[in-house]
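To start, the structure under review is shown below, and the notes come after it.
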Amino acid sequence: MLLVNTIREKFEDAVIGLQKRNFPQAEETLKQVLELDNKRKEAQNERDNLQAESNSISKEIGMLMKSGKKEEAEKAKARTGEIKAQVKTLEEAYNQIEEELKHLLYSIPNIPHDSVPAGKSADDNIVMLENGNIPVLNDDKLPHWELIKKYDIIDFDLGVKITGAGFPVYKGKGARLQRALINFFLDEAVKNGYSEVQPPILVNEDSGYGTGQLPDKEGQMYEATADKLFLIPTAEVPITNLFRDVILQEQDFPIKNAGHTPCFRREAGSWGAHVRGLNRLHQFDKVEIVQISHPDKSYEALEDMSIYVQSLLQKLELPYRVLKLCGGDMGFTSALTYDMEVYSAAQERWLEVSSVSNFETYQANRLKLRYKSEDKKTNLAHTLNGSALALPRIVAAILENNQTAEGIKMPKVLVPYLGFDKI
RNA sequence: AGAGAGGUGUCCGAGUGGUUGAAGGAGCACGCCUGGAAAGCGUGUAUACCCGUGAGGGUAUCGAGGGUUCGAAUCCCUUCCUCUCUGCCA
């Protein structure tokens, strides 16, 4: 969530930023935050002063008791009754204001970076660059949902039998392709200085709050209600939460973690014509990269991550483009997001396979993820993450783009992982 | 899952109702001492919020949340976690 101090000090910028996101009543809402915060301070002052008085009387009583002046102690006790009741009232008032403020802050998205264009939808995103050759396929080209049947490598019907729609079963070379991609992505990440982690894929509520899935977005996650745990929608949640309530030293930066996990998304109400086959699933695999960065270095880190993700796509020989998301299309917690899309040649459309974001202090504030600077001050760190990469659409593009009459050619870089070069 | 023990500051560890944000030790930082180092000595060493230009002051925090009390690290309740034994299990 946003820092109240930031809102106070950069009010105009914050309003303009939120307007870029089409956040309704930006100015009114931010004013309300400041008013509530002022009320909070007043309430705290009142409460603290009274509590201080009560504390000092209690100490007095303690001293009187020690020195055997029982009667005077009793007199002092009588005085405290009233104060106690008042403190309780003030305490409740304070808590209510604080709660209200917190809820309001939870409802406000991150302020976009200056360079983020205003815009309403994906149509307003900016194409930063396009790379790679779009293959020219014969007229008998097949979309991946046909190819997987033809070669019997991914079975949606079996998944329906076991679980339901959106839970495919990978078989034979399909399963091996999955495993090869995961290993390839992890190896590349390690080569690029990321340290590999294997986090839990069920997380508690605190973790959900830490990265911003909670409150309000619990509908997106599968929940194990008996234990109040959530199946992760992305490894961002457990990996970033590794650093919840942590105070780092400046020399700890940058922290670079990478991990593979399955991801689970309910995707309630988002089914339609464009989500056939592997395009949208309830369960899929993804390798995620996470960086914890010094605030001065986080945009460098973001560029770094973007270039790294692109290097994977180049090695997989997939045509891709990089988008800078507009305010209206960015995630709630992000300040700047690049989306990487690959071209899937049979569907003849671009598929998002990675989303790389800088959250600045928005997540760190919730996470209480801080660092001690040289001058011994504690400041919030910056968090970033990105997919590197999400498997299903990569698989879709590999299958579609490389189909030939003799079978589907595998990218060279995967062959050592696969043990075969063609499906 | 059952029985028992326990969760205190960066770490170890004392503390069972009264100026305890918390003894003592270790570590770390700075200073003194030294030719240099070690030892020794001294000082300092949490987080959040609030008040104050500042020095400084206030409030809260001893796993978390409630309660009893004028006063709680200390008593009570709930909850989470760790350890030991038993059970179960990949």
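Keep in mind that this is a model prediction, so the values were computed, not measured.
For the C1' atom pair drawn from U34(B) and A46(B), the interatomic distance equals 34 Å after rounding to whole Å. Distance check on atom P: C76(B) versus U16(B) gives 14 Å, rounded to whole Å. Separation of the P atoms belonging to A73(B) and U19(B) is 10 Å when rounded to the nearest angstrom.
Nucleotide A64(B) holds its P atom 13 Å from the NZ atom of Lys368(A), rounded to whole Å. Across the protein-nucleic acid pair, Asn55(A) atom CG and U20(B) atom C1' stand 13 Å apart, rounded to whole Å. When rounded to the nearest whole Å, the span between CG of Asn45(A) and C1' of C51(B) equals 6 Å.
Residue-level contact check: Ser58(A) touches the bases, meaning some heavy atom is under 4.0 Å from a base atom. Contacts of Lys372(A) with the nucleic acid, taken as non-hydrogen atoms under 4.0 Å apart, involve only primed sugar atoms and P, OP1 or OP2. Here Ala76(A) lies out of heavy-atom contact (under 4.0 Å) with every strand. Nucleic acid contact class of Ser54(A) (heavy atoms, under 4.0 Å, all strands): none. At the heavy-atom level, Gln44(A) lies under 4.0 Å from base atoms of the strands shown. Counting any heavy atom pair closer than 4.0 Å across all strands shown, Ile57(A) reaches no nucleic acid atom.
Within residues 31-40 of chain A, the residues having any heavy atom closer than 4.0 Å to RNA chain B are, in order of number, Arg40(A).
Looking at His282(A), its side chain does come within 3.5 Å of a backbone N or O of Arg265(A) through a donor-acceptor pair. Within the 3.5 Å criterion, the main-chain N or O of Gly119(A) finds a donor-acceptor partner in the side chain of Asn22(A).
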